[in-house]
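Report on the structure given below.
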Amino acid sequence: MEPLPAEELLGLYALMTEVRHLDRAAVAWQRQGIIPGYAPLLGQEAAQVGSGFAMDRTLDFAFPTYREMGVARALDVDMTGYMATHKASWHGGLYNPVTSRLAPIQAVVAGSVLHAVGWAHGQTLAGESGAALSYFGDGASSQGDVHEAMNFAAILRAPVVFFVQNNGWAISVPTEKQVAGGSVAARGAGYGIPGVTIDGNDIEAVVHTTRWALERARSGQGPVLIEALTYRRGPHSTADDPGRYRTLDEERESAGPDPMERLRDRILGAGIADMEALAGMEREAAAAVDQVRIKLTGLGTQPGAEMFNFVFQESTDSLNQQAEQWRKESDHD
Amino acid sequence: MEPLPAEELLGLYALMTEVRHLDRAAVAWQRQGIIPGYAPLLGQEAAQVGSGFAMDRTLDFAFPTYREMGVARALDVDMTGYMATHKASWHGGLYNPVTSRLAPIQAVVAGSVLHAVGWAHGQTLAGESGAALSYFGDGASSQGDVHEAMNFAAILRAPVVFFVQNNGWAISVPTEKQVAGGSVAARGAGYGIPGVTIDGNDIEAVVHTTRWALERARSGQGPVLIEALTYRRGPHSTADDPGRYRTLDEERESAGPDPMERLRDRILGAGIADMEALAGMEREAAAAVDQVRIKLTGLGTQPGAEMFNFVFQESTDSLNQQAEQWRKESDHD
Amino acid sequence: MTETTYAQSATGAEVHTTHIQEPRVLSMQQALNTALDEILASNTKALVFGEDVGHLGGVFRVTDGLQAKHGSSRVFDTPLAESGILGLAAGLAMAGFTPLPEVQFDGFAYPAINQIVCQIARLNYRSRGTMPMPITLRVPSFGGIRAPEHHGESLEALFAHVPGLKVVSPADPHQAYHLLRYAAASPDPVIFMEPKARYWQKAPVEAAPGDDLAGARIARHGRHLTLVAWGAMVARCLQVAELAAEDGIDVEVLDLRWLSPIDGVTLAESVGRTRRAVVVHEAPLTSGLGAEVAQLITASCFDTLRSPVERVTGFDVPYPSGDLEDEYVPNVDRILYGIQRVLEYKRG
Amino acid sequence: MTETTYAQSATGAEVHTTHIQEPRVLSMQQALNTALDEILASNTKALVFGEDVGHLGGVFRVTDGLQAKHGSSRVFDTPLAESGILGLAAGLAMAGFTPLPEVQFDGFAYPAINQIVCQIARLNYRSRGTMPMPITLRVPSFGGIRAPEHHGESLEALFAHVPGLKVVSPADPHQAYHLLRYAAASPDPVIFMEPKARYWQKAPVEAAPGDDLAGARIARHGRHLTLVAWGAMVARCLQVAELAAEDGIDVEVLDLRWLSPIDGVTLAESVGRTRRAVVVHEAPLTSGLGAEVAQLITASCFDTLRSPVERVTGFDVPYPSGDLEDEYVPNVDRILYGIQRVLEYKRG
Ligand SMILES: Cc1ncc(C[n+]2csc(CCOP(=O)(O)OP(=O)(O)O)c2C)c(N)n1
Ligand SMILES: Cc1ncc(C[n+]2csc(CCOP(=O)(O)OP(=O)(O)O)c2C)c(N)n1
Ligand SMILES: [Mg+2]
Ligand SMILES: [Mg+2]
């Protein structure tokens, strides 16, 4: 495995730094009442930033769950629009999924895995050469839809990469009670598709493997399944209390070294940058996050009429009448 | 693999003969208008009779689809009650599933696979030592429920044996367009459970492997996945025309030797019985099938009131009123 | 409603106008097959897929010959997994295609409900209109063919309750042809419920739709009461109307066609005239679509209604085996009893 | 209705009568937790399982402490797969157990619909009564908590339309405690819809049910009109009734409780007296359970009704994000408008 060029490592570090800042900030915002809830990705920065970074944004398309803020940032998605989902502005987020190459945020576990397969098969049918990147978790791997997706993808030889973040937990349920056999990647063999396990906290491994898999998919060799081993260092969401199902000691032991610290040590060790340069990145990250906070708090409440506006491309009389009645009854006092 | 004792081979031959007679008769009955439809198992007699025969009927419980007539016969189910489903008397059949150790006939592909896991886990919880035998097809293996069932079974270490009859087809879709990777059994590894491929037309292999798997499950070692390779020699059902998707030449080539002829040759070759004895079995089979025909044609139309009788254990006022109104309106002329 | 309106591709794909030019006598199966053929020919982004729809041409032969003509990229068999089929459809729609998936039988739509309700019905909304779902899901529906379990069910009340879906059911070959072309041109997801008991009866299909396909239609004009029905029950109601006419009862038959959105205007207009209504459907009574139809009628015709709207429906029991099918599906007698109840109703 | 009636085990398991003996002030979450604890104690065949119900005690803590007390064989976490959970429940019921599975949120019942509709609701029927399904499926339901997508939905119309299911929703801690014990003692499958917006408000739970748990109940007596509601909307309607009282309008509030079968007798009795009715629910309007309730009322009170039954419901849109939640869920104003419409209705 070739080491990544210095500027890529620095770019990744900058992204990871901003993601970590934004993640920590979002938890604080929830406590401050700025947003009603949030699902932190603390500890999964390398897996998310690395895989998103590996995409070709002119060709590929990503399908997230509800925890892929790091992927969104790596894809340069408008982060206020992204975070708006956590402000309860709009379920799918307020960014444009089509131009962002990131499908709307999606709360049904495993719900979008088949969409990635369909979109990927569409590439084949249209004679285009993009690949789909499907994100899901160890918990989601238990859903029937994941099985159907892998079987369809392999039968259709669809250019899709299944990127599983195995972060050790599905809310309170640990992987060993979730994934029979212990490995999601091992299931690939049953469909005749390569299943690769990687250290999801080693950002170079993540970038390399995801690039390889996407290229392989784009070149018509079919789907790949990547299982990135990582750890959910925080709670499942701001509503969760991990103290009820794991101790701090257990956390420390299972989490292993922090992916950010690993990349920092790698950069400093190779003399690619010094502490000062990295501190500069921290400051830039803090400033960027501050901008998001300002824009997010500045976002007004979504107008009620929006409820009715996007149900259909072609609305119906019945729905228009409901909108009309709603307008009358909510104008009144 | 020890050869089976002579009397077992003869018993199996008698069962297979009756099953083949009944199967052929049912196709004829459909043409004669005695029953509205039927799903033949022609060619799958060894897989069905052998696996059903391997069960311990004091301990185990089988979960069929809609094509397991051979299993039913091997379990000594009342065959008129069984065939009643094809006479459109009652969807699940008119046999008693609890005392027969055979769950009701089930038309949702993969629908009962999870039930087998649940029943099996119930054995563990109750401290009992039976095993569940779950039947499904190559087509069914594509359903999400099968994945969920295998994962649950392995996590719970449930005493269940998944018995896949890979008969080459799901209606018109051949296995290679259905089962990515080409092997259902290979998927077992992904759950950490043994996956075994057997020649489903070799009845001795079927009996041995199923017995081994059931014993293994009963002794607390968890689930087993058996894929019995066989061939659906007939149409999917009496409504199907296989000529639309496969030629007779293809059929001949893919089907291989007839499982019944193989057992007959084995018996004759080993001198276990002579042609005359086997001809006697044919006559007995024909007589037994004739009895089923007589009873089946003697079965009246199910009384309409039955529609209402089994919806609930405790019926409701609303349903009773509907039954009452139905009675009034259908007595009239 | 002109031809070009429904020959338009929702996804902006190039459209060659292909359409029957003169009346033809077709079965519904043939009418649907013709419509699919023309949709595939006129919209290069249209795709037909599902279980056994390719080589076999579908278990009801509705897709017969389409794979041979349009190729196995555009008409293809999938593995046996309904959630997979609908999830694939959603992804293909995101990629700019116009999917026309099939679920082989009504009862096998249940495994796909999660993808239909949580994904297909919501992706346009979730994406704020940037990811339309121009999907037409064909579902051979309703009972009457003495089939095994789960092959005779009526899911319209479920689908009609889901925001973001449109639901339609044709009553005859002419309706089937035009409504399928209309649905396939919709930029929104449409559940297309084909009354399988009516696949084989032949009737003329005219080149012009004949009316506004977006609403209900009066299948028979009458003065004494309105029978509201859809799918296979329309033909049965027409039969009942003939019988009732012998007794001097003049029955109007309203073919609802769209089960969501419901055409409340035509309903109100009809019952406003006849002042009495009976809704007929195969689905179980409780929480069936008949309740919605009855309530819409009552709300709009409260002052003129002479009797409560009657419902003649399937019972609150699982769809039964062939032996009991004719007892379950509303038959002529039961519909006549319903008519009698609304005609003889006296204020207490 | 006596305690022993609902402490009976459907599966014939040995039953030790365990029951609260004196009134306690509990939140609904505590009331449900108490009921589950007692069910597990009194029915040795009862099992509680689902996602995160074990060690964590459920995301709403409804199963808090149950695993520690009753052991991890009887209270256990499953993998994250709702179809798996319900299919497991069906198999366990076949093996003689009394499963009390949980689906973590309303919107995640969709992946299990196939097992619920085609299996759990039908196995008693398919097996001709030899394989009862005494399953109580707990589903935290309805909106009002500013949650992510799919965490605020109302599936009662779907469930109520399925033959073979019974459906119930408690409005307060007392109802929650008694109805859950009642449901768990039923030999038939019950969908138990918990109004998650009401989990935390405390109120007294009496030892005796106080009325026949099998039907609806009048939550507030009134003369001028009947508000029909269930789940979280009952408390809102009671609040509306207080406001209306200030204007001299005397509102009756009927807590439907059972959404299937619906207690038509109590409905008819109430509206027979008040002559006007408004149905309130959170689910979308079209084909919602409000249509069924309205039609039942109209059919039984046609001569006495002074105005068409009004429906104040969620709109035909996907359940929206927190920002728009209060616009979507029927609020006090919209219910008051509905009341005004029925009171001011004049025959045309
Ligand atoms: C179909 C479905 N069932 C249940 C839930 C509730 N839920 C939300 S996240 C979650 C755990 C998911 O675990 P995993 O897939 O490992 O992803 P992670 O949260 O660890 O990123 C659960 C059970 C859901 N969102 N969707
Ligand atoms: C969920 C579901 N989808 C579709 C069908 C329609 N159908 C009935 S049998 C069948 C093929 C099943 O193939 P397989 O599982 O290989 O069993 P086999 O018929 O070969 O015994 C199909 C598609 C069904 N019964 N259930
Ligand atoms: Mg996880
Ligand atoms: Mg097969």
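Reminder, nothing fancy here: chain letters follow the sequence lines and each chain counts from 1.
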* Structure fact -> Heavy-atom closest pair (B:Pro97 atom, D:Ser127 atom, distance to 0.1 Å) is CG-CB, 3.9 Å

* Structure fact -> Whatever's closer than 4.5 Å to a heavy atom in chain D on B:Tyr95 counts as neither

* Asked: Under 3.5 Å, is there a donor-acceptor pair between the side chain of B:Asp145 and the main chain of D:Gly84?
  -> no

* Asked: Is any side-chain heavy atom of B:Glu314 less than 4.5 Å from a side-chain heavy atom of D:Lys166?
  -> yes

* Quick one: does B:Glu306's side chain have a donor or acceptor within less than 3.5 Å of a partner on D:Arg128's backbone? -> no

* **chain D contact via B:Glu148 - which portion, at a heavy-atom distance below 4.5 Å** => side chain

* Which one, D:Pro163, D:Cys118, D:Gly91, D:Gly129, leads in non-hydrogen pairs under 4.5 Å with chain B? -> D:Gly91

* **Which portion of D:Ile262 sits near chain B, non-hydrogen atoms under 4.5 angstrom** => neither

* Rounded distance [0.5 Å steps], OG in B:Ser112 versus CD in D:Gln115 -> 9.0 Å

* Before giving the answer on side-chain contact (heavy atoms from CB on, under 4.5 Å), spell out for D:Leu123 and B:His115 the whole-Å C-alpha distance, their side-chain angles and the decisive distance to 0.1 Å. => CA-CA 11 Å; D:Leu123 269 158; B:His115 308 168; 3.9 Å; yes

* Structure fact -> Pair count under 4.5 Å, heavy atoms only, with chain D: among B:Gln123, B:Gln106, B:His147, highest is B:Gln106

* Between D:Leu47, D:Thr78, D:Asn124, which has the largest tally of heavy atom pairs under 4.5 Å with chain B? -> D:Asn124

* Can the ring centres of D:Tyr125 and B:Trp90 be said to be less than 6.0 Å apart? -> yes

* Is it true that atom CG of B:Asp317 has more than 12 heavy atoms of other residues, nucleotides or ligands lying nearer than 6.0 Å? -> no

* Structure fact -> In terms of heavy-atom pairs under 4.5 Å with chain B, the winner among D:Pro189, D:Pro79, D:Pro111 is D:Pro79

* Under 4.5 Å from any heavy atom of chain D - which part of B:Leu156 -> side chain

* To do: Please answer whether the main-chain N or O of D:Thr130 pairs with a side-chain N or O of B:Asn96 as donor and acceptor at a distance below 3.5 Å.
  => no

* Any chance you could measure B:Phe310, atom CZ, to D:Arg126, atom CZ, to the nearest 0.5 Å? => 14.5 Å

* Asked: If only atom types and distance count, is the side chain of D:Asp188 paired as donor or acceptor with the main-chain N or O of B:Gln313 below 3.5 Å?
  -> yes

* Asked: In terms of heavy-atom pairs under 4.5 Å with chain D, which of B:Thr316, B:Leu125, B:Asn151 leads?
  -> B:Leu125

* Structure fact -> When the 4.5 angstrom heavy-atom criterion is applied to D:Ile85 and chain B, the contacting part is both

* Tell me, side chain or backbone of B:Ala120 under 4.5 Å from chain D's heavy atoms, or both, or neither? -> neither

* For side-chain contact (heavy atoms from CB on, under 4.5 Å), just list the numbers for D:Phe49 and B:His121, CA-CA rounded to whole Å, side-chain angles, deciding distance to a tenth of an Å, and then say yes or no. => CA-CA 13 Å; D:Phe49 52 94; B:His121 187 53; over 6 Å; no

* To do: Pick whichever of D:Ala89, D:Ala121, D:Ser83, D:Ser260 has the most heavy-atom pairs under 4.5 Å with chain B.
  => D:Ser83

* Asked: Side chain, backbone, both or neither: which part of D:Asn114 has a non-hydrogen atom closer than 4.5 Å to chain B?
  -> side chain

* Asked: Considering only heavy atoms from C-beta outward, does the side chain of D:Leu92 approach that of B:Trp119 to under 4.5 Å?
  -> no

